[in-house]
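Count residues from 1 along the sequence.
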Amino acid sequence: MNNIDKLKKALKESTHPISVRYIIMAYKSNLKELPTLFGKLLGDYNGSLVEVRSSFDAPFISRDFKESEFLDDNDWDWLEAQLKLLPDNDKVVILRELTTEESNDDETPEDVLSGRYMLRLSWDGHLKVFVYEYSSALKKRVEKNILETNVKEITDINVFYDQLIGISNNKI
C-alpha cells in the first residue's frame with residue numbers, strides 16, 4: 001500500500017501523468033473487495049484498464065491453496081455481474097482461464113506496441129521499464145530492457161520521466 005500511495009502522489013503531482021494498466025489476481029480471499037478496488041484504480045490511481053486474472057494452474061501450487069483460493073464458475077459469474085454495475089466497466093477485462101502456452105506472435109500486429117513503454121512493478125517496489133521488439137534471430141517478440149529501478153528511489157517523477165526519455169532515445 002505504501003508503494004501504491006507513492007504512485008498516487010506522483011501521478012497527482014506530475015505535470016504529465018501517465019495512465020496505468022493494472023493486473024489483479026482474483027482469489028476467494030479478495031473476491032468481495034474487487035469491485036471497490038476497480039473503482040479506486042480507475043478513479044484515484046489513473047487506471048486506463050484493469051485486468052483481472054486467475055492463476056496459472058501450476059504443479060507447484062498446493063492442492064490446499066487451489067481448493068481454498070481458486071475461483072469457481074459461480075465466483076467468476078458473481079464478479080462479472082458486479083462489474084456490469086460499475087461505471088467505466090468497459091475498462092475492466094476478465095481472464096478466467098490462463099494457459100502457459102506461448103502466444104503466436106504472428107497474431108499480434110507488429111505496431112500494436114510501437115512507441116509504448118511497458119512497466120512491470122513488483123510487490124517490493126522493483127520497477128522494470130521495457131519495450132517489445134521483434135528478434136529476427138529468435139523469430140519472436142522479445143522484451144528489450146530500458147530501465148530498472150525501485151520506486152523508492154524515484155524522488156522526483158519529472159526527473160524520472162526525463163531520465164526515461166533520455167535512455168529510450170538512445171536504446172529504442
Side-chain angles (χ1 to χ4, degrees), residues 1-132 140-141 143 151 154 157 161 164:
M1 288 308 298
N2 289 337
N3 288 333
I4 198 138
D5 287 339
K6 288 179 183 178
L7 173 65
K8 180 179 179 179
K9 182 180 178 195
L11 292 169
K12 191 173 190 173
E13 293 175 357
S14 175
T15 56
H16 42 1
I18 59 170
S19 294
V20 181
R21 178 179 174 180
Y22 293 96
I23 298 174
I24 298 172
M25 302 306 293
Y27 296 106
K28 289 188 183 281
S29 59
N30 70 354
L31 180 63
K32 301 296 182 192
E33 302 169 5
L34 294 180
T36 303
L37 181 58
F38 298 137
K40 287 184 179 189
L41 293 175
L42 293 171
D44 297 339
Y45 295 95
N46 277 32
S48 61
L49 185 74
V50 178
E51 184 176 303
V52 185
R53 294 183 179 181
S54 62
S55 289
F56 290 105
D57 189 4
F60 59 83
I61 300 174
S62 75
R63 181 185 300 175
D64 290 344
F65 182 81
K66 291 176 189 180
E67 289 174 0
S68 67
E69 289 295 332
F70 280 23
L71 302 184
D72 58 32
D73 286 338
N74 290 333
D75 296 325
W76 285 110
D77 292 343
W78 177 87
L79 183 58
E80 287 179 351
Q82 296 303 305
L83 295 179
K84 287 179 183 176
L85 303 174
L86 296 176
D88 294 326
N89 60 22
D90 59 325
K91 296 180 181 178
V92 179
V93 176
I94 295 180
L95 300 174
R96 284 186 181 213
E97 294 182 29
L98 297 175
T99 62
T100 56
E101 295 175 18
E102 290 201 15
S103 64
N104 182 351
D105 289 324
D106 295 335
E107 295 174 5
T108 305
E110 287 184 25
D111 63 344
V112 72
L113 297 174
S114 177
R116 294 189 185 177
Y117 298 117
M118 304 296 288
L119 286 84
R120 187 171 293 127
L121 180 61
S122 298
W123 65 270
D124 61 356
H126 180 259
L127 175 67
K128 179 179 180 180
V129 182
F130 59 96
V131 295
Y132 284 120
K140 66 178 185 177
R141 190 176 66 181
E143 290 181 5
V151 292
I154 301 172
I157 194 67
Y161 284 146
L164 182 60

Could you state the interatomic distance from [atom1] ([X]) to [atom2] ([Y]), rounded to the nearest 0.5 Å?
{"X": "Tyr22", "Y": "Leu121", "atom1": "OH", "atom2": "CG", "value": "9.0 Å"}
{"X": "Asn89", "Y": "Glu80", "atom1": "CG", "atom2": "CD", "value": "11.5 Å"}
{"X": "Leu34", "Y": "Leu83", "atom1": "CG", "atom2": "CG", "value": "8.0 Å"}
{"X": "Ile24", "Y": "Leu95", "atom1": "CD1", "atom2": "CG", "value": "12.0 Å"}
{"X": "Arg53", "Y": "Leu71", "atom1": "CZ", "atom2": "CG", "value": "15.0 Å"}
{"X": "Trp78", "Y": "Asp72", "atom1": "CH2", "atom2": "CG", "value": "12.5 Å"}

Looking at every heavy atom in both [X] and [Y], which two are closest together, and how far apart are they?
{"X": "Ile157", "Y": "Ser14", "result": "CG2-CB, 3.8 Å"}
{"X": "Pro35", "Y": "Gln82", "result": "CG-CB, 3.8 Å"}
{"X": "Lys28", "Y": "Glu67", "result": "CE-O, 4.4 Å"}
{"X": "Ser54", "Y": "Met25", "result": "O-CE, 3.3 Å"}

query: So Phe65 and Phe70, would you call those rings parallel, tilted or perpendicular, with 30° and 60° as cut-offs?
result: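 Because their plane-to-plane angle is over 60°, the rings of Phe65 and Phe70 count as perpendicular.
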
- prompt: More than 12 non-hydrogen atoms from neighbouring residues, nucleotides or ligands closer than 6.0 Å to NZ on Lys66, yes or no?
  reply: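 Counting other residues, nucleotides and ligands, NZ of Lys66 exceeds 12 neighbours.
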
message: Tell me if the NZ atom of Lys12 is crowded by more than 12 foreign heavy atoms within 6.0 Å.
response: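 No, the 6.0 Å shell around NZ holds no more than 12 heavy atoms from other groups.
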
task: Mind running side chain to side chain contact (heavy atoms under 4.5 Å, CB included) on Leu7 and Val151 for me, showing each step along the way?
output: CA-CA 8 Å; Leu7 173 65; Val151 292; over 6 Å; no

field: Candidates Lys40, Lys32, Glu33 - the one meeting side chain to side chain contact (heavy atoms under 4.5 Å, CB included) with Thr36
entry: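 The single option meeting the side chain to side chain contact (heavy atoms under 4.5 Å, CB included) with Thr36 is Lys40.
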
Chi angles and distances behind the side chain to side chain contact (heavy atoms under 4.5 Å, CB included) call for Val20, Tyr45: CA-CA 8 Å; Val20 181; Tyr45 295 95; over 6 Å; no

message: Can you confirm whether Leu42 sits close enough to Leu86 that some side-chain heavy atom of one is under 4.5 Å from a side-chain heavy atom of the other?
response: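 Answer no - side chains too far apart.
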
